[in-house]
Each structure stands twice: as structure tokens, then as C-alpha cells.
Amino acid sequence: MPEPLCNSQSSGQRGRCLCKHVSTVRSISFMRVIRYLTNGMAGVERFPISFKTQFSGSSFRHIVLGIHYAGRFGSLGMSRREDLMFKPPVCRTLLDLVLEFEGSYRRCWHSLKKVKIGQYVSHDPHSVEQIEWKHSVLDLDRLSRDELRRELERHARDMRLKVLKGAAVPSSPTRERRKDTSSPQRSQSSPHRRNGRSERRSSGEKKATEQKSVNDVGYQIRV
């Protein structure tokens, strides 16, 4: 289920609030700060990536903000280890990025178990849309390397489709002309029609006058 970015505040308001209290920010909150700070960067698409690892029988979770820029993938985040938060956008595919994190966790004696990847998030600073945190949930223990590659390629296609669907579609010029321009024949009534209406009105008034005269005469006769 997608989780709301914020309750009553927009993403911009929440980001400004977190910037004031950055010393108490956790990784997921810091991701919102990064999203707020990168809202104005054209061509930089952002999406959440979360990891579940195991070390000495315990499970650990971490989340970063994946970025896609100029056809390359990278990440921004917060961690005590530099190679678990910042990855420059040099990875050609999502698989390269995930494998890069897997190697970083391995150097920390952690084994990567699951990866959850969300959809692109909006650049609108006033957006209250819901973030889709786990559009794809990948269990690395069950997936072979080829299956993992196919799943990540499918996810990358889904993200591209979302960008294409979210692009503004200009309205049809024909429809605009229909709305803005009305036919002069319809807006201006014909003189012949106006004359016909006035003639009908005159004849109606005449009939009413004649009827009134007949009634008056009849009344006089009865008296």
C-alpha cells in the first residue's frame, strides 16, 4: 500500500520543517529533505530504494533516494558509511546500482536480503500525493541473477511510462476554437427572423384587442 508523504502539509512545507531540525533527522526523513532540495533540478528523477540486510542474526533496514539523471542511476541518502548513502549517477542500469549497494553491504559484513523500489516522485513542492514506496519487492534469496535483471528492467520501464503519462498534454486547438469562437450566424439573429417575430407579435396583439372588443359588446348587449 502506498504511504502518504505527509498528513496535512505539502512536501515543500515538510521539507522546510525538516531542514530546521536536521540534527534529529532519520534516514527516511532525510530522504524527504533531499527530495525538497532537488525539486527544482530539471531532468533529475527521484525514487525511493529500501534495503533489508542481515548481520549476526539480526535484520536491518535502510532507505535512500535513488536518482536518475542523464541516463544514469545513482543515490542520495544518510548513513554512517559513505558508500551506503551516496552513489554518483554513473550506473547504466538499476541492476548495476543494486549490485553496487550489495557490494557495499558485503564490505560491512551484511548480507542483502530484500530490495524495495518505488516509483518516481513528483517535482511539485506543494504536492500531497502518496509515495509508492514498494512498487517492486525483490527477494534476492529467491531470484537468480537473470530474474533480478528482468525485474529491474521491468521496473525501469514502469518508471519511464509514469513520466510519459505525467507529461502535460496540450489541449486540442480545434476544441479551443470551438469554445472561444461562436458562429456569427448563431450569435446574430437574422433580420428576417426579427421581422417575423414582430409581425407575429402584432397579429397576436390585434387578436387580443378584437377579443376584448367582442367581450365589451357582449356585455353591453346583456345589460
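- Taking both residues in full, the closest heavy atoms of T38 and I34 are given as OG1-O, 2.8 Å, listed atom of the first, atom of the second, then distance.
- Here the closest non-hydrogen pair linking L94 and M159 is CD1-CE, 4.0 Å.
- Distance check, rounded to the nearest 0.5 Å: NZ of K87 to CD1 of I67 gives 12.0 Å.
- Nearest heavy-atom pair across G74 and L97 is O-CD2, 3.6 Å.
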Q.
Between S79 and H62, is the side chain to side chain contact (heavy atoms under 4.5 Å, CB included) condition met? List the steps.
A. CA-CA 9 Å; S79 174; H62 183 51; 4.0 Å; yes
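- Between D141 and K113 there is a salt bridge, since at least one side-chain N of the basic residue sits less than 4.0 Å from a carboxylate O of the acidic one.
- At a threshold of 4.5 Å between non-hydrogen side-chain atoms, the residues C108 and R81 count as touching.
- Within the 3.5 Å criterion, the main-chain N or O of S122 finds a donor-acceptor partner in the side chain of R35.
- Using a 4.5 Å cut-off on side-chain heavy atoms (C-beta onward), I63 and W133 make contact.
- Put simply, CZ on R107 and CG on D83 are 5.0 Å apart, with the number rounded to the nearest 0.5 Å.
- Transitive grouping of hydrophobic side chains (ILVMFWY, heavy atoms separated by less than 4.5 Å) keeps W109 and L112 in distinct clusters.
- With a 4.5 Å cut-off on side-chain heavy atoms, I117 and H135 do not count as touching.
- Here the side chain of E45 pairs no donor or acceptor atom with the backbone of Y69 at under 3.5 angstrom.
- Of the residues listed (E151, R154, K116), the one engaging S136 in a side chain to side chain donor-acceptor pair (under 3.5 Å) is R154, and it is the only one.
- Checking side-chain atoms of H155 against main-chain N and O of G118 turns up a donor-acceptor pair under 3.5 Å.
- Here CZ of R150 is found 9.5 Å from CG of L143. Values are rounded to the nearest 0.5 Å.
- Inter-residue side-chain proximity for L152 and T93 is flagged as unmet; no heavy-atom pair is nearer than 4.5 Å.
- The side-chain heavy atoms of F73 and D96, taken from C-beta on, include no pair separated by under 4.5 Å.
- When each of I131, D158, L161 is paired with Q119, the side-chain contact (heavy atoms from CB on, under 4.5 Å) condition holds for D158 and for no other.
- With S104 contributing its side chain and E100 its backbone, the two residues share a donor-acceptor pair below 3.5 Å.
- Between V64 and M78, every side-chain heavy-atom pair lies at or beyond the 4.5 Å cut-off.
- Between the CZ atom in R142 and the CG atom in L138 there is a gap of 12.5 Å [rounded to 0.5 Å].
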Q: Apply the test side chain to side chain contact (heavy atoms under 4.5 Å, CB included) to residues H123 and R46: give CA-CA distance (whole Å), side-chain angles for both, the deciding distance (0.1 Å), then the verdict.
A: CA-CA 9 Å; H123 280 268; R46 294 82 42 83; 3.6 Å; yes
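- Put simply, the side chain of K52 reaches to within 4.5 Å of the side chain of S59, judged on heavy atoms.
- For G66 against I49, the heavy-atom pair with the smallest separation is CA-CD1, 4.0 Å.
- Here the options are F55, F51, F101, the test is ring-ring contact (aromatic ring centres under 6.0 Å, His included), and the partner is H110; only F55 passes.
- Inter-residue side-chain proximity for Y105 and L84 is flagged as met; some heavy-atom pair is nearer than 4.5 Å.
- The backbone N or O of E147 sits less than 3.5 Å from a side-chain atom of S144, completing a donor-acceptor pair.
- In this structure a side-chain-to-backbone donor-acceptor pair under 3.5 Å is present from K162 to Y120.
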Q. Where do L65 and F47 land on the side chain to side chain contact (heavy atoms under 4.5 Å, CB included) test, with the steps shown first?
A. CA-CA 6 Å; L65 188 67; F47 57 97; 5.9 Å; no
